[in-house]
Amino acid sequence: MRKILLSLLIIAVVASVAAVGISGAWFSDTETSADNTFTAGTLDLKIADNNEGWNDGEPVTASWQSPAGWAPGETFTTGTISLYNVGSIDINYLFTTFYDYTCTGNDLGQVIEVVEYWEYIPEYDWIQNIGPTDGQNLETLVGDKTAPLTLRELVDASWEGDTTWIDYCTGDGYDIVPDGTPAIPVGGTYQVYLVLKLMETAENQYQGASCSFNIEFEGVQDAASQKH
């Protein structure tokens, strides 16, 4: 009988110790957040003109061409070049650079007047950049800074990296554009075209002459990030 009682006492002590050992247990549940991924956004442009569809990485060609038999005193409107922001980041600034100017015969660009310079800024409006209009008057900012503005003056005065030089910079560079309006927001389309005139001062030595150039459009997130 004593042995039985002693055994029961030992069992009771062990049970008591076990109970003490689990006295800190509480109900719990576990959930998991998996596959946490971080991906940078994209800044990506496509380009098109009046007779070519959207290209990405390939240039459009002959977007601006003079009409056949262009004679002194005649004015024409170029085709429109369009830029579409297909990325996931707003393009706050758009820098336009004319380069690789060449001419055959006499320099025809010196007798071609830039009568109008139109840009469409998405989420804002069209802006005209020649004369006392709603944009920046390039006649007073480039070349000899007097009217008329010639095509050669426009090409030679391309933006080259001075952050105070905003004549070829769309975006917050325009005082008239509300602060914070990007040059090309995500999903937005920018457009540009010119109105050109072969000046009456184009005398006989300009017959058959020609000129050409390329245009580079560079969209950037901010003015300091451009590559020039």
**Q** Aromatic rings Trp54 and Tyr84: how do their planes relate, parallel, tilted or perpendicular, breaks at 30° and 60°?
**A** tilted
**Q** Ignoring hydrogens and angles, tell me if any N or O in the side chain of Glu52 forms a donor-acceptor pair with the backbone of Thr61 under 3.5 Å.
**A**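 Looks like yes, one N/O pair under 3.5 Å.
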**Q** Under 6.0 Å between ring centres: does that hold for Trp126 and Tyr193?
**A** yes
**Q** Any heavy-atom pair between the side chains of Leu154 and Phe98 that's under 4.5 Å?
**A**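 Yes. Closest side-chain heavy atoms under 4.5 Å.
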**Q** Give me the atom names and distance for the closest heavy-atom approach of Pro72 to Met199.
**A** CB-O, 3.6 Å
**Q** Does a side-chain heavy-atom distance below 4.5 Å link Glu139 with Thr146?
**A**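 Glu139 vs Thr146: side chains apart.
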**Q** Nearest 0.5 Å, please: how far is OG1 in Thr75 from CD1 in Ile112?
**A**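 Between atom CD1 of Ile112 and atom OG1 of Thr75 there are 11.5 Å.
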**Q** What pair of heavy atoms forms the shortest contact from Gly131 to Asn137, and how long is it?
**A**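 The pair with the smallest heavy-atom distance is N-OD1, 2.8 Å.
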**Q** Going through the distances and angles, do Trp64 and Ile81 end up as a side chain to side chain contact (heavy atoms under 4.5 Å, CB included)?
**A** CA-CA 9 Å; Trp64 294 348; Ile81 299 174; 3.8 Å; yes
**Q** Stepwise, does the side chain to side chain contact (heavy atoms under 4.5 Å, CB included) test hold for Asp100 with Phe213?
**A** CA-CA 5 Å; Asp100 285 351; Phe213 54 88; 5.9 Å; no
**Q** Do you see a donor-acceptor pair shorter than 3.5 Å between the side chains of Ser212 and Thr102?
**A** yes
**Q** Got a second to check how far Glu218's CD is from Thr97's OG1, nearest 0.5 Å?
**A**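 That separation rounds to 7.0 Å.
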**Q** Short question: side chain of Ser88, backbone of Thr42 - any donor-acceptor pair under 3.5 Å?
**A** yes
**Q** Are Leu196 and Val115 close enough that some pair of their side-chain heavy atoms sits under 4.5 Å apart?
**A** no
**Q** Heavy-atom distance under 4.5 Å between the side chains of Leu94 and Phe217, does that happen here?
**A** yes
**Q** Determine whether Ile184 and Thr189 make a side-chain contact, defined as any pair of heavy atoms from C-beta on separated by less than 4.5 Å.
**A** no
**Q** Taking the side chain as every heavy atom from C-beta outward, state whether Ile47 and Leu83 have any atom pair closer than 4.5 Å.
**A** yes
**Q** Go through the steps for Val192 and Thr80 under the test side chain to side chain contact (heavy atoms under 4.5 Å, CB included), then give the verdict.
**A** CA-CA 6 Å; Val192 60; Thr80 299; over 6 Å; no
**Q** Backbone N or O of Asp144 within a donor-acceptor pair of the Glu153 side chain at under 3.5 Å?
**A**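 Side chain of Glu153 to backbone of Asp144, a donor-acceptor pair under 3.5 Å: yes, one is there.
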**Q** Are more than 12 heavy atoms from other residues, nucleotides or ligands located less than 6.0 Å from atom CD of Glu203?
**A**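 12 or below, so no.
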**Q** Using side chain to side chain contact (heavy atoms under 4.5 Å, CB included), reason through Asp44 and Asp56 one step at a time and then give a plain yes or no.
**A** CA-CA 8 Å; Asp44 189 13; Asp56 192 356; 3.3 Å; yes
**Q** How long is the gap from CD1 on Ile130 to CD on Glu116, to the nearest 0.5 Å?
**A** 9.0 Å
**Q** Measure the spacing between CG of Leu151 and SG of Cys211 and express it to the nearest 0.5 Å.
**A**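 One gets 5.5 Å once the value is rounded to the nearest 0.5 Å.
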**Q** For Tyr101 and Arg152, work out which heavy atoms get closest and say how close.
**A**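 Answer, listing the atom of Tyr101 first, then Arg152: CE2-NH1, 3.3 Å.
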**Q** If I compare all heavy atoms of Pro185 with all of Pro122, which pair ends up nearest, and what's the gap?
**A**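 That would be CD-CB, 3.7 Å.
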**Q** Just wondering, do Tyr120 and Ile127 contact through their side chains at under 4.5 Å, heavy atoms?
**A** no
**Q** For the backbone of Tyr117 and the side chain of Gln128, can you confirm whether one donor and one acceptor N or O come within less than 3.5 Å of each other?
**A**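 Answer holds: yes.
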**Q** Just wondering, are more than 12 heavy atoms of other shown residues or ligands nearer than 6.0 Å to CD in Glu58?
**A**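 Open: at most 12 neighbouring heavy atoms sit under 6.0 Å from CD of Glu58.
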**Q** Quick one: does Asn106's side chain have a donor or acceptor within less than 3.5 Å of a partner on Gln205's backbone?
**A**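 At least one qualifying donor-acceptor pair exists.
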**Q** For residues Thr96 and Glu216, determine if any side-chain heavy atom of one lies less than 4.5 Å from a side-chain heavy atom of the other.
**A** no
**Q** Please check: side-chain N/O of Thr140 versus main-chain N/O of Leu138, any donor-acceptor pairing under 3.5 Å?
**A** no
**Q** Could you report the tightest heavy-atom contact between Leu108 and Ala209, atom names first, then the distance?
**A**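 Leu108 and Ala209 have their closest heavy atoms at CD2-O, 3.6 Å.
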**Q** Identify the two heavy atoms, one from Pro182 and one from Asn92, that lie closest to each other, and give their separation to 0.1 Å.
**A** CB-OD1, 3.5 Å
